[in-house]
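Heads up: the structure comes next, in structure tokens.
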Amino acid sequence: DKTGTLTTGRPSVAATEILGLRDSVAWDEQTIRTLAAAVARHSLHPFSKAVAGLHDTEVELLEWRELRGAGLLASVVWRGEQRTVRLGSLRWLRKACSAHEAGRAFVENWSSKGASVIGLGVDNRLVAIFAIQDQLKPGAPEVVRQLEREGTQVYMVTGDNTPTAVSLGRRAGIASERVHAEVRPEQKAAFVEQLQARGDRVAFVGEGINDAPALEQAHLGVAVSRASDIAREAADIVLLNSEIEAVPERLALARATLRTIKQNLFWAFFYNAAAIPLAALGFLSPILCALAMGASDLVVIGNALRLRRRGGQKG
């Protein structure tokens, strides 16, 4: 995932463009900020938190819903009139509202800078767009390089728009052909299933509600520590810190654990395969058999204890 996984998950509103409405309401910047912040305030999504910080005025909400993979939908009372307000992805808003061509240059400009662009719709018109910027985690490029050195193919799967996703993927070291953008939550799970169908073992790393289906579908679901409750429930592993540097470390520890299990099973079966026939034929005394059993246990336990040293080194 991108937001909150490859990025810090603490975005801010970098720019606003007001598109406006030609009716009795003055759609100035303060009005836009007030409505957008009021609708966003009840959501836990990082982009919503960024928008919620634009204004602190309370607005009466008659209805409020969060639509997974799309945005927020609310009915508000504004200056005595009931309005339907939508805040979310431009793809969703273009279907529900009359898109305003005046914002195209704004979208292209900020998307090329790696910002995510969301919109605010009132009734059936798009009235404003916001550029939301989130910073790439400092360790993300090295994590991608390390995983690929170990033979792991790294993909980014995000609901964000394509130019933004490709721009951020490039900075993280992920090839554009492995960046899958504008993907709905259920499509994330379908993409994981597609990789599994061709024989790949898939680990998915995410943190949001939208990532839960993919986390559950993957062979290994990894949630960062600030993940939503739903994502944590769907994941197999929850990282104790949110830094993704822990991902290759935990995968290496998992591989070492599996290797140790196989080694211990080999030694256990080797002992039984060799010692039992010899004891049955009288070539080994009961005392030697007992000593060999104890030695076998010590080898298995000692081999397993090596994992503690590895785990301690990796934090």
Side-chain angles (χ1 to χ4, degrees), residues 3-4 7 9-111 113-134 158-161 164 182 184-185 208-210 228:
T3 304
T7 65
R10 293 186 291 271
S12 59
V13 178
T16 303
E17 180 160 318
I18 299 173
L19 307 178
L21 277 175
R22 296 192 180 120
D23 62 12
S24 59
V25 178
W27 296 100
D28 55 22
E29 187 167 352
Q30 183 174 353
T31 300
I32 295 295
R33 287 172 173 260
T34 300
L35 282 176
V39 174
R41 193 165 292 124
H42 303 280
S43 172
L44 297 178
H45 192 281
F47 289 178
S48 297
K49 291 181 179 179
V51 174
L54 292 175
H55 214 279
D56 57 3
T57 301
E58 292 291 336
V59 176
E60 182 183 357
L61 301 182
L62 302 179
E63 182 185 357
W64 185 91
R65 284 188 293 157
E66 188 162 12
L67 306 178
R68 193 176 66 177
L72 308 174
L73 174 64
S75 292
V76 307
V77 175
W78 180 252
R79 296 179 181 174
E81 297 183 33
Q82 183 173 338
R83 300 274 183 169
T84 299
V85 180
R86 295 174 176 88
L87 178 69
S89 73
L90 293 180
R91 180 179 55 180
W92 172 54
L93 289 172
R94 287 190 182 108
K95 294 178 181 178
C97 304
S98 299
H100 202 296
E101 291 297 322
R104 187 172 298 278
F106 179 93
V107 173
E108 293 176 352
N109 175 45
W110 282 100
S111 294
K113 297 177 182 180
S116 301
V117 181
I118 63 174
L120 178 73
V122 178
D123 295 333
N124 62 346
R125 294 292 299 273
L126 184 64
V127 299
I129 47 180
F130 305 95
I132 311 291
Q133 271 196 320
D134 198 357
T158 176
D160 213 337
N161 67 76
T164 298
E182 301 181 30
R184 295 183 60 81
I209 295 174
N210 295 342
S228 65

Working to the nearest 0.5 Å, report the span between [atom1] of [X] and [atom2] of [Y].
X: Cys97; Y: Leu120; atom1: SG; atom2: CG; result: 8.5 Å
X: Gln133; Y: Arg10; atom1: CD; atom2: CZ; result: 15.0 Å
X: Leu19; Y: Arg125; atom1: CG; atom2: CZ; result: 9.0 Å
X: Arg104; Y: Glu17; atom1: CZ; atom2: CD; result: 12.5 Å
X: Leu72; Y: Leu67; atom1: CG; atom2: CG; result: 7.5 Å
X: Asn210; Y: Thr158; atom1: CG; atom2: OG1; result: 9.0 Å

Any donor-acceptor pair under 3.5 Å from [X] side chain to [Y] backbone:
X: Arg91; Y: Glu182; value: yes
X: Thr34; Y: Gln30; value: yes
X: Thr16; Y: Phe130; value: no
X: Asp123; Y: Thr84; value: yes

Task: CA sep, side-chain torsions, deciding dist, call: Asp134, Ser116, side chain to side chain contact (heavy atoms under 4.5 Å, CB included) - done: CA-CA 8 Å; Asp134 198 357; Ser116 301; over 6 Å; no
TODO: Would you please test Leu87 and Phe47 for side chain to side chain contact (heavy atoms under 4.5 Å, CB included) and show each step?
DONE: CA-CA 10 Å; Leu87 178 69; Phe47 289 178; over 6 Å; no
Open item on the list: For a side chain to side chain contact (heavy atoms under 4.5 Å, CB included) check, start with the C-alpha distance between Val51 and Ile132, then their side-chain angles and the critical distance, and finish with the verdict.
Closed with: CA-CA 8 Å; Val51 174; Ile132 311 291; 4.0 Å; yes
Task: Full working for side chain to side chain contact (heavy atoms under 4.5 Å, CB included) between His42 and Glu66 - done: CA-CA 9 Å; His42 303 280; Glu66 188 162 12; over 6 Å; no
Task: Any Ile118 side-chain heavy atom under 4.5 Å of Ile129 side chain - done: no
